[in-house]
Protein chains: 2
Amino acid sequence: MRLVVATCQVDYAGRLTAHLPLATRVLMIKADGSVLVHSDGGSYKPLNWMSPPCTLREGTTEDGQIEWTVTNPKTDDTLRILLTEIFSDSSHVLGIDPGLQKDGVEKHLQELLAEHPATLSPGLTLVRREYPTAIGPVDLMCRDEAGASVAVEIKRRGDIDGVEQLTRYLELLNRDPLLSPVRGIFAAQEIKPQARVLATDRGIACALVDYDALRGLDDPSHRLF
Amino acid sequence: MRLVVATCQVDYAGRLTAHLPLATRVLMIKADGSVLVHSDGGSYKPLNWMSPPCTLREGTTEDGQIEWTVTNPKTDDTLRILLTEIFSDSSHVLGIDPGLQKDGVEKHLQELLAEHPATLSPGLTLVRREYPTAIGPVDLMCRDEAGASVAVEIKRRGDIDGVEQLTRYLELLNRDPLLSPVRGIFAAQEIKPQARVLATDRGIACALVDYDALRGLDDPSHRLF
DNA sequence: CTGTAGATCTCGTTT
DNA sequence: AAACGAGGTCTACAG
C-alpha cells in the first residue's frame, strides 16, 4: 500500500471519459496495482480509480513533470495522473486482510421469515425456502390455512423491480395446475409507494417486516456476535 | 484529511452489524469527519466506512489501548475502531476539490440517438426526447415512415429491467387512442440474451447501438475536451 | 465461467 | 425532502 498526497490532474478514458482539474488529493496505490484518487469529501467512492488488474508506469513529461499512466489490459481503460507537487509519499506493508464478517442482510431476513411465516399472514406455513422455478428461486413458498399456495418475495427495500419479479414468478407458477391458484405476498422492511400501488393493482399483498421484532422472536443463540 | 496506518479491529453497527478482525489497514479520515477503512486489495470500496455527517471521538480502553468511536447522529450508525499499533499518522490540507467532469453516459447516448434516430430503424424521425407519461418519461418518442408511433428505451447495458420498463410505457401509451398502436424499440450498446428473449416475446425490437460510430456522425465541436 | 440479484450501495436529477 | 434511475457500479452466489 502506497499513499501519496499530491497536487494532480487526472484523466480517465474507458467506458466514459472523465477529467479532474488540478487540485491536491490523496492517491492510494494498493498492492494489486489498483489506484484510488480521493478528495477530502464525498463518501467512500473515490473521485476516480482503476480497478485491478492494472499496472502503474511512472514517467516524466517533456516539461519534466511526473506522470503516472495506469492501464488495465483487460478493459483497455487508462488513467493518466499528472503530479505537479508531491507533499507526501509513503509505503506500508499491510498483509492479507481477514475480511469483513457480516450479519443482517436479506438472507437473514429470509431465514427469520422462513421460521415465522405467520407474521406475514395469519396461518401461513412454510413449504420451502428458495423454491426453484425456471426463472429463478422464489424466496418463500408457503401454504395458507385453506391449503392454497402463497409465493413470498422478500426485499429489504421494496421497490417496483421486486413487484415485477414476483409478478413473473406468479405468472409462471400459476401455469402449473397442481399449484394454481398461487397468490403473492411482497414483504419488505420498507415499501415504496409506487411499488405498493403496482402490487395492489396486481392483487399482490404487501407486508411490512419488522426486522427487530423478528430478531426478538428468533433464538438469540444464532447471533454471530 | 488524516491518514493513519494501524493494526486495528473494527466493529460497525447500523443497517447491519459487521466485524473486522485485528489486522493492519489504512484509515482515511476526511475533513467532514467521515472514515474509510481500506485494506490492500479489493477495489475502491472500503472494508468498512462511515458516511458523513459523523464525528470521531478518540478515547482509551481500560487496558490503555486507543479506541475511536465514530457516530452518525442522523442514522444512529456507529463505528468502533480499536487501534493496537500505529505505524503512521499524518494530516494534510487538501482544500475543496473542483470535482469530476464526466462525458459519455446514457444521457449522451440519448442525445446522439435523438439526433440520428434513423440508425435505430430506417426512416425513423424524432417526435420528442423525454416524452412525458404518468409513470415517467419515455427516452425517445418517434414516428416511422408510415406515421406510426415508436417508443424507444435507451440503456447502456440492456437487461431484463429495461424491457420491463419499456413494456410498462408501451402498455400505458397504447391506452391512448390518439397514439395507438405504439411499437417499441429497445436500444442498448449491449443486450443481454435474456433481455432479448423477453423483448422479442413481447414484440419489442432490439437495436444494438454503436456509440463510437454515433460519435463519428455527431458534430465533434460538441465534445467537452 | 456467465448471469443474476443485492448493496451500510453512491450519486445524480426530478418532483 | 423524497423518490426514481443509473452506475466506469462492485460483489457475492448460483447455474
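Residue numbers start from 1 in every chain, and the chains themselves are labelled A, B, ... in the order their sequence lines are given, proteins ahead of strands.
- Across the protein-nucleic acid pair, B/N48 atom CG and C/dT10 atom P stand 12 Å apart, rounded to whole Å.
- A side-chain N or O of A/T167 and one of A/R202 form a donor-acceptor pair less than 3.5 Å apart.
- With rounding to whole Å, B/D77 atom CG is found 10 Å from C/dT10 atom P.
- Between the CG atom of A/D159 and the P atom of C/dA5 there is a distance of 13 Å, rounded to whole Å.
- Under 4.0 Å is where a charged nitrogen must lie from a carboxylate oxygen, and between A/R25 and B/D97 at least one such pair does.
- One atom, CG of A/L109, and another, P of C/dA7, lie 9 Å apart when rounded to the nearest Å.
- Residue B/W49 places no side-chain N or O under 4.0 Å from the OP1 or OP2 atom of C/dC9.
- Lacking a ring centre under 5.5 Å from that of the base six-membered ring together with a plane angle below 30°, A/Y44 does not count as stacked on C/dT10.
- The nearest heavy atom of DNA chain C to A/R168 and to B/L47 marks one nucleotide each, and the one closer to the 5' end goes with A/R168.
- Out of D/dT11, C/dT10, C/dG6, the shortest distance to the side chain of A/Q165 is found at C/dG6.
- Here C/dT4 presents its P atom at 15 Å from CD of A/E153, a figure rounded to the nearest Å.
- The heavy-atom pair separating A/V138 from A/A151 by the smallest distance is CG1-CB, 3.8 Å.
- Here B/S51 lies in heavy-atom contact (under 4.0 Å) with sugar-phosphate atoms only.
- When each of A/K192 and B/G42 is assigned the nucleotide of DNA chain D with its nearest heavy atom, A/K192 is the one assigned upstream, toward the 5' end.
- Between B/I160 and B/L79, the residue anchored nearer the 5' end of DNA chain C, judged by the nucleotide with its closest heavy atom, is B/I160.
- Between B/K45 and D/dT11 there is no side-chain polar atom (N or O) within less than 4.0 angstrom of OP1 or OP2.
- B/L36 places its CG atom 14 Å from the P atom of C/dT8, with the value rounded to the nearest Å.
- Rounded to an integer number of Å, the gap from A/K155 NZ to D/dC4 C1' is 16 Å.
- A pairwise comparison of heavy atoms in B/M50 and B/S34 identifies O-CB, 3.2 Å as the closest pair.
- At a threshold of 4.0 angstrom between heavy atoms, the contacts of A/M50 include nucleobase atoms, whether or not backbone atoms are also involved.
- With respect to A/R80 and A/D11, a salt bridge is recorded, a charged nitrogen being found less than 4.0 Å from a carboxylate O.
- Using atom P as the reference point in both C/dC11 and D/dT11, the two lie 15 Å apart (nearest Å).
- Remark: P of C/dT4 and CG of A/D161 are 14 Å apart, rounded to the nearest angstrom.
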